[in-house]
Structure formats: C-alpha cells, structure tokens
Amino acid sequence: MAPHHLPFYLAPGSGADPLMVVMGIFLIGTVLWVGTLYWKLHSLPERMAHKSQKLQFEFVAVLGLISLFTHMHIFWIAGLLLAMIDIPDFGGPLRSIADSVEKIADATPEDSDAAKQASPRPTGGDTPAPEKPGPAKEKEHSHV
C-alpha cells in the first residue's frame, strides 16, 4: 500500500533497515574512537612523567589509577601538575658525599699508626714530619 517511491530513510516493507545498520556501525566506531581518546587523555600525566624520566613517575601513575577508580578528578590534576614539575635529585649529591666519606674513612693510615706505636718516639725537640697516608684500600660497596 506504500507509494512506489519512498525516501531512503524509511525502511522498505521487507524489514531490512540499511540506515539503522549504517548508524549502528557508525555508533560503535564513534564509541571506540571516543574511548581511545579518553584513555590517551587519562594517561597523559603518566606518559609525560615517563618520557622525561622523572623521579616521581610511580607516584604520578598511582594518582592516575586512583583518579580512574574513584572518579575524583583532583587526583588526575595533581598527577598532571606533579608530572610537569622537576623535583630536584637530592639522592645524587648525598650519595656522592657518602662515597667520599667512605673513601676518607678507608684512607686513614691504620698501618702507619701501628708502626708509630712499635717504634720508639724521639725524645728530642724535633718532631718527625707526619707520614703521608698510603693508598686507599679497595673495598666493595654494599649500597647501590
């Protein structure tokens, strides 16, 4: 009973609806594209911290996971801000100081102290010149 010429957006009498199929495929594609865009945006702080080899990378990653599961965007913003700043490396200079103090402690002349105690001290007014310390003992370091 329908007229012979129907517009393309109306389903024919056979029950097949090509416009609905096309729109369904378009909807699935759009949802996947927006989901991928969301995941890229959500992992932005973590990728920023990873690219620049920041010390706080793990902390930024944890903030990203917390924001993902709690839906509290303040954690994502905190992770983004933390990924953008450079925290100074306090461990490097402190490690260098510790290594230097360890070398100084190893370089103390223990052998020359024993030699001084074994030999008699001169009783005259002249004091002998202090001996130069020997080479530092090579020792395996237990810290990393």
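When a residue number appears, it is its place in the shown sequence, counting from 1. When reading the values below, keep in mind they use all heavy atoms of this one structure, side chains included, and skip hydrogens, waters and symmetry mates. Computed from a predicted structure; not experimentally measured.
- The closest donor-acceptor contact from the side chain of Gln56 to the backbone of Ile85 lies under 3.5 Å.
- If you chain together hydrophobic residues whose side chains sit under 4.5 Å apart, Met48 and Leu82 never meet in one group.
- One hydrophobic cluster holds both Phe75 and Val62 under the rule that ILVMFWY side chains link at heavy-atom gaps under 4.5 Å.
- The two residues His42 and Gly64 come nearest to each other via the heavy atoms NE2-O, 3.1 Å.
- At most 12 non-hydrogen atoms from other residues, nucleotides or ligands lie less than 6.0 angstrom from CZ of Phe59.
- In this structure, CD1 in Ile66 is found 13.5 Å from NE2 in His71, a value given to the nearest 0.5 Å.
- Here the side chain of Thr36 pairs a donor or acceptor atom with the backbone of Leu32 at under 3.5 angstrom.
- Linking ILVMFWY residues whenever their side-chain heavy atoms come closer than 4.5 Å, directly or via other members, leaves Met20 and Phe26 in distinct clusters.
- Tyr38 OH: more than 12 foreign heavy atoms inside a 6.0 Å radius.
- Here His73 contributes atom NE2 and Leu80 contributes atom CG; the two are 13.5 Å apart, rounded to the nearest 0.5 Å.
- Taken from CD1 in Ile74 to CG in Leu63, the straight-line distance is 10.5 Å, to the nearest 0.5 Å.
- In this structure, the side chains of His50 and Val60 stay at 4.5 Å or more apart for every pair of heavy atoms.
- The two atoms that bring Lys40 and Arg47 nearest to each other are O-NH2, 2.5 Å, heavy atoms only.
- Distance check: Glu46 CD to Leu65 CG gives 7.0 Å after rounding to the nearest 0.5 Å.
- Remark: Met23 CE to Asp17 CG distance equals 11.0 Å, nearest 0.5 Å.
- Nearest heavy atom pair, residue Pro45 against residue Ala83, reads O-CB, 3.4 Å.
- Trp76 approaches Ser67 most closely through the heavy-atom pair N-CB, 3.5 Å.
- Looking at Val34 and Trp39, their side chains never come closer than 4.5 Å, going by heavy atoms from C-beta outward.
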